Amino acid sequence: MPSDFIREIVAVHVAEGNQVHTRFPPEPNGYLHIGHAKSICLNFGIAREFGGICNLRYDDTNPTKEEVEYVDSIFEDVRWLIGGWADHCLGLKPKGKTPDTMTVEGKSDFYLAPVTGGASTKVGQTSSLPPSSGEKVRDRQDACPTLEPFYASDYFDQLYQYAVALLKKAKAYVCDLSSEDMDKYRGVPDRPGKDSPFRNRSIGENLDLFTRMKNGEFPDGACTLRAKIDMASPNIWLRDPVLYRIRHAEHHHTGGKWRIYPMYDFAHCLSDYLEGITHSICTLEFEVHRPLYDWILENLDLPRPLPHQYEFARLSLGYTVMSKRKLMQLVNDGLVSGWDDPRMPTISGLRRRGVTASALRAFAYHIGITKYNGLTDVAVLEHAIREDLNQHALRRLVVLRPTKVVLTNFPEGKTEELDATNNPEDPNAGTRKVPFSRVLYIEQDDFTETPPPKYFRLRPGGEVRLKYAYIIRCDKVVKDASGRIVELHCTADLDSKSGGPNSGRKVKGTIHWVSAAQAIEAEVRLYDRLFTVPEPDAAGDFKQHLNSRSLEVVTAKCEPGLKDAKSELRYQFERLGYFCLDSGHQPSTTSHQLVFIRTITLRDAWAKEAQKA
RNA sequence: UGCCCGAUGGUGUAACGGUAGCACAGCAGACUCUGGAUCUGUUUGUCAUGGUUCAAAUCCAUGUCGGGCAGCCA
């Protein structure tokens with residue numbers, strides 16, 4: 001079980017006999033990325049470890065930036081990530097439900113209870129491999145018939161009433177200052193601001209003005225509702241922050257009902273309160289907002305226990321960018337194929353790439369939770385991916401860049417069926433048959449006429465074992481007029497067959513191969529990291545550091561059984577890497593029936609050795 | 001030059017006044033019909049200076065460096 005400073009706080013809270021209730025509150029203005037995955041694993045992990053619930057809530061208070069496409073993708077990504085791990089902790093609510101009015105300690109109050117979404121969300125997989133990776137939620141009704149995530153926008157009525165309550169206590173006011181003037185009045189961090197000339201309007205006048213704001217009597221920007229705190233505070237966020245602004249805009253969830261929309265600071269703490277959140281966990285940049293979070297709740301004189309905010313460092317990953325703005329730029333500029341491009345650090349991109357949810361969770365576990373802003377080495381992610389895939393991936397023989405081999409002493413027309421292990425890490429995975437015949441393909445890299453030191457693959461006059469088959473010796477290199485290798489003539493040691501009585505003879509190298517007659521072709525997309533430098537957004541335009549070779553497409557020769565490859569399975573093409581079917585692939589885009597994506601290469605000790613030379 | 005937060009090997013993290021540990025990466029070796037996996041060994045660290053204490057990564061002070069805050073974004 002992971003341990004960090006936030007879990008320590010939660011543990012104390014639980015030891016005192018309290019329930020834990022967290023929430024994951026994304027704004028639906030883009031796709032979720034691996035940084036969100038860190039937050040999801042934290043919030044749902046805490047709920048899971050301490051017997052609590054974690055609500056999924058859209059923080060949708062800005063209608064001009066949010067879209068239903070993002071609402072849907074977020075729900076899908078969250079369910080995929082926590083599937084088989086924390087479904088039972090997922091807090092949802094009945095469709096269309098808004099907060100109940102209740103009385104606590106003689107005070108009128110609002111509350112919206114969660115329903116744990118486990119069974120009803122149809123994400124019940126327990127394996128680390130998702131049954132339908134990357135399948136879009138095309139029909140929102142279908143995805144979850146009776147339950148849905150929480151929406152901050154479902155609280156607009158209550159939020160409005162809380163604002164009125166503040167107004168009645170003379171703790172807020174309607175301010176007519178333009179945005180530019182407000183900037184001037186705010187002052188700068190080391191100089192106090194000055195009071196707005198509208199700061200001391202009467203309660204009656206404020207109430208009237210706020211009502212008229214709500215009724216849409218003023219244009220965008222004409223005025224705002226502000227908290228009356230302290231224009232001289234050293235904390236900028238306490239200098240009479242804006243609570244409501246006017247936006248004559250259609251909202252993806254509330255439609256045309258509202259002309260005023262609450263700001264994050266006002267909506268977030270109260271949404272937490274409404275849902276009975278105990279620990280409101282966010283990233284470090286909100287640390288300076290915490291006094292405001294507390295101020296709003298405290299000054300409303302609420303009857304139930306108040307939520308508290310805790311902050312941790314967001315994820316920075318080497319060789320990638322994380323901000324939604326930059327990711328959106330990559331999408332909009334056509335630099336990648338979409339939010340789910342396999343090179344994107346988005347959850348949907350990683351999923352399409354073949355990364356499993358359990359690998360992502362393992363990654364989140366390994367990086368930990370602190371308040372230190374560091375840069376996490378991608379090697380940690382890559383290790384988590386390989387470790388997970390190594391356990392589950394089915395081994396298959398595929399040649400990415402073929403060189404033809406003719407076994408001159410093997411009978412023409414003869415085909416043998418050889419036994420091959422499906423997964424040496426998992427005896428239950430069994431074996432399969434692969435055809436072997438006179439003409440084969442091997443990897444171009446597995447033969448050279450000029451072997452460097454320690455090269456122990458095939459060379460003229462040298463021997464290698466063909467995995468699961470025979471030891472062969474290269475007798476002759478056949479070239480065309482331009483000197484390009486056309487084929488290799490080899491002889492097989494027919495006494496060396498794998499599993500046979502005389503198979504014990506050792507040779508230095510073992511290589512993979514595919515029988516030419518039975519081979520099937522597939523398009524294989526070899527993805528590499530998107531950027532060439534560890535910190536693409538450190539300075540200047542991050543797009544300058546795009547890796548021009550982040551995608552290479554080859555036509556590979558595959559063992560015939562791969563025609564039945566399944567998108568929910570993961571494959572290891574032996575000695576090459578981990579691959580999966582492209583779930584985002586549209587059949588019309590290629591002449592090949594099969595399209596594989598390389599999730600990640602195998603660790604390659606030879607590449608390191610070769611580099612030394 | 002205001003306020004808030006942070007600093008432990010190359011990287012990320014643990015140690016909660018009492019032996020600085022783990023993971024990744026690196027290096028060396030064993031094993032291997034995947035140069036994968038596995039196994040073994042191993043290099044490298046408490047930002048600085050003072051103070052408190054029998055004892056400080058930990059507490060205090062000062063400094064240095066890094067991050068955040070001046071949207072009617074979240």
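Excluded from the calculations below are hydrogen atoms, water molecules and symmetry mates; all remaining heavy atoms, backbone and side chain alike, are included. In this text the structure is predicted, and so the values were computed from the model without any measurement. In what follows, chains carry the letters A, B, and so on, assigned in the order in which the sequence lines appear, proteins first and then strands, with residues in each chain numbered from 1.
- Spacing between atom CZ of A:Arg314 and atom P of B:G66 amounts to 20 Å, rounded to whole angstrom units.
- Separating the CG atom of A:Leu243 from the P atom of B:G71 is a distance of 17 Å, rounded to the nearest angstrom.
- Straight-line distance from the NZ atom of A:Lys371 to the P atom of B:C16: 20 Å, rounded to whole Å.
- Of the candidates B:G26, B:G35, B:C72, B:G35 carries the atom nearest the A:Tyr455 side chain, counting heavy atoms from C-beta on.
- Nucleotides B:G67 and B:A28 are separated by 36 Å at their P atoms, to the nearest Å.
- When distances are taken from the side chain of A:Phe456 to each of B:G35, B:A7, B:A74, the shortest belongs to B:G35.
- Nearest to the side-chain atoms of A:Ile236 among the listed nucleotides B:A37, B:A70, B:C24 stands B:A70.
- Summarising the geometry, the separation between NE2 on A:His251 and C1' on B:A74 is reported as 13 Å, rounded to the nearest angstrom.
- Mapping A:Thr510 and A:Asp59 onto RNA chain B by nearest heavy atom places A:Thr510 at the nucleotide closer to the 5' end.
- The nearest whole Å value for the distance from the CG atom in A:Leu381 to the C1' atom in B:A23 is 14 Å.
- Checking side-chain atoms of A:His36 against main-chain N and O of A:His33 turns up a donor-acceptor pair under 3.5 Å.
- Here B:A25 is the nucleotide among B:A37, B:A25, B:G71 with the atom lying nearest to any side-chain atom of A:Ala379.
- The A:Thr61 side chain lies nearest to B:A74 when the options are B:C24, B:A74, B:A15.
- A search for side-chain contact (heavy atoms from CB on, under 4.5 Å) contacts involving A:Ser153 returns A:Asp60, A:Tyr151, A:Phe156, A:His251, A:His253, A:Thr254, not counting sequence neighbours.
- Look at A:Arg432 and A:Glu559 and you find a salt bridge, because one of the NZ, NE, NH1 or NH2 atoms lies within 4.0 Å of a carboxylate O, short of that distance.
- When the nucleotides B:C27, B:A14, B:C4 are ranked by their closest atom to the side chain of A:Val288, B:C4 comes out on top.
- Nucleotide B:C69 holds its P atom 13 Å from the CG atom of A:Asp265, rounded to whole Å.
- Comment: A:Glu287 engages A:Lys371 in a salt bridge, judged by a side-chain N to carboxylate O separation of less than 4.0 angstrom.
- Candidate nucleotides B:G2, B:G35, B:A14 were compared by shortest atom distance to the side chain of A:Thr370, and B:A14 ranks first.
- The CZ atom of A:Arg290 sits 17 Å away from the P atom of B:C3 (whole-angstrom rounding).
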